[in-house]
Protein chains: 2
Amino acid sequence: MAKQQDICEIKSVDQAKVKAVKKAMLSDKDVYGLSETFGVLSDTTRLKIIYALSKEELCVCDIAGILGSSISAVSHQLRILRNMRLVKFRKEAKRVYYSLDDAHINKLFNEGLKHVRE
Amino acid sequence: MAKQQDICEIKSVDQAKVKAVKKAMLSDKDVYGLSETFGVLSDTTRLKIIYALSKEELCVCDIAGILGSSISAVSHQLRILRNMRLVKFRKEAKRVYYSLDDAHINKLFNEGLKHVRE
DNA sequence: ACTATACTTGAACAATCGTTCAAGTATCAA
DNA sequence: TTGATACTTGAACGATTGTTCAAGTATAGT
């Protein structure tokens, strides 16, 4: 007993099916990439930031104003988007202006929106 | 002082921009729906389940065998997919066979894969 | 009735996440 | 140099997540 709940002991499993699907399974790299990509898009703050930046280039304070959240919270999320190269920025005097750097993410975003709205 | 880090106090913000983007902002419903949809796709276990079921109808033990994870873990994730109506199931004797119930999610999945692989 | 298989489910747990708070840097104006 | 604005960042915090563990239900065979 001990570990009856552990990894499936394969007693009455369709071995042929399992082998076939296992062989066709996505690579770890693909799976990890997918979870990362969809993960950025799974937070409401980040979604709003991406949507706002798809409309216009904005400074951090503008974004915070639009979202109604703190500058710090926005800045933390912008760092995540920066690290994933989804946004780029330019400095102008005291301000930092952000804009979308990845057109593809917009396509994914809109595909998601279609799914949600239908 | 006190709350200088709180919600942006809007001192030197481009009010016109902010107002315009705010007005064009997604509805709460859309944003929540998007985060939910992308959220399901942000976990590696669920991604693998969805991918496996896109190939073939499978029982829980088969899925666990394919993923190399416990039956319990798979069952918990299947419940989430069930609740979101992404998978359907049928009972046959002792087994429960799952299959994809949402063609659109596959489209999103493949769109994501394109983004990851390019 | 008893045992085994095939799941499901709730509780507990560690890990991850997003926010706030507080402190820091950078730029500019007086 | 002092002070204000615009942002960044690390630490701390509570909340959420995914897994395991243990116990439960359901079906079938003996």
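These numbers were taken from a predicted model, which means no experiment stands behind them. The chains referred to below are lettered A, B, ... by the order of the sequence lines, with proteins before strands, and numbering in each begins at 1.
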Expressed in angstrom and rounded to an integer, what is the separation of Ile71(A) atom CD1 from dT5(D) atom P?
-> 11 Å

Rounded to whole angstrom units, what separation is found between the CZ atom of Phe38(A) and the P atom of dT17(D)?
-> 18 Å

Salt-bridge test for Asp30(B) and Arg117(A): reply yes if a basic N is under 4.0 Å from a carboxylate O, no otherwise.
-> yes

When we call it a touch if two heavy atoms are under 4.0 Å apart, what does Ala73(A) touch: a base, just sugar-phosphate, or nothing?
-> base

Tyr51(B) vs Phe109(B) aromatic rings, parallel, tilted or perpendicular, using cut-offs 30° and 60°?
-> parallel

To the nearest Å, give me how far apart CD (Glu92(A)) and P (dT27(C)) are.
-> 14 Å

Report yes if a side-chain nitrogen or oxygen of Ser70(A) is closer than 4.0 Å to either non-bridging phosphate oxygen (OP1 or OP2) of dT20(C); otherwise report no.
-> yes

Of all residues at least two apart in sequence or in a different chain, which pass the salt bridge (Lys or Arg N to Asp or Glu O under 4.0 Å) check with Arg90(A)?
-> Glu57(A), Glu92(A)

For atom CG of Leu78(A) and atom C1' of dT19(C), their distance in whole Å | 15 Å

Side chain of Cys61(B): nearest nucleotide among dG18(D), dC7(C), dT8(D)?
-> dC7(C)

Respond yes when some side-chain nitrogen or oxygen of Arg79(A) is under 4.0 Å from OP1 or OP2 of dC7(D), and no when none is.
-> no

May I have the distance from Asn83(B) (atom CG) to dG18(D) (atom P), rounded to whole angstrom?
-> 13 Å

Among dT8(C), dA28(D), dT9(D), the one nearest Ser75(B) by side-chain distance = dT8(C)

Within the modelled atom types, does a donor on one side and an acceptor on the other bring the side chain of Ser72(A) and the base of dT9(D) under 3.5 Å apart?
-> yes

Nucleotide nearest Thr45(B) (side chain, heavy atoms from C-beta), chosen from dT19(D), dT8(D), dG18(D) = dT19(D)

Stacking of His76(A) on dT8(D) base (centres under 5.5 Å, planes under 30°) = no

Which comes earlier along DNA chain C counting from the 5' end, the contact point of Ser42(A) or that of Arg82(B), where each point is its nearest nucleotide?
-> Arg82(B)

Rounded to the Å, how far apart are Lys48(A) NZ and dT19(C) C1'?
-> 14 Å

Output, in order, the C-alpha distance, side-chain angles, deciding distance and verdict of side-chain contact (heavy atoms from CB on, under 4.5 Å) for Lys114(B) and Glu111(B).
-> CA-CA 5 Å; Lys114(B) 257 194 246 169; Glu111(B) 204 64 53; 3.6 Å; yes

Would you indicate, yes or no, if dC17(C) has its OP1 or OP2 atom less than 4.0 angstrom from a side-chain nitrogen or oxygen of Arg46(A)?
-> no

Write out all pairs satisfying side chain to side chain donor-acceptor pair (under 3.5 Å) with one or both partners inside residues 32-44 of chain B, taking only residues at least two apart or from two chains.
-> none

Rounding to a whole Å, what distance do you find between Ile80(B):CD1 and dT16(D):P?
-> 14 Å

Checking all strands, does Phe89(B) fall into the base, sugar-phosphate, or nothing category for heavy-atom contacts under 4.0 angstrom?
-> nothing

Between dA26(D) and Arg95(B), is there an OP1 or OP2 to side-chain N/O distance shorter than 4.0 Å?
-> no

Go through dG18(C), dT8(C), dG18(D) for me and flag the one nearest to the Gln77(A) side chain.
-> dG18(C)

With a 4.5 Å limit on heavy-atom distance, are the side chains of Ile66(B) and Lys17(A) in contact?
-> no

Whole-Å gap separating C1' (dT16(C)) and CG (Asp43(B)) = 12 Å

So what does Tyr97(B) touch, heavy atoms closer than 4.0 Å: a base, only the sugar-phosphate, or nothing?
-> nothing

Among the candidates dT9(D), dT27(C), dT20(D), find the nucleotide nearest to the side-chain atoms of Lys94(A).
-> dT27(C)

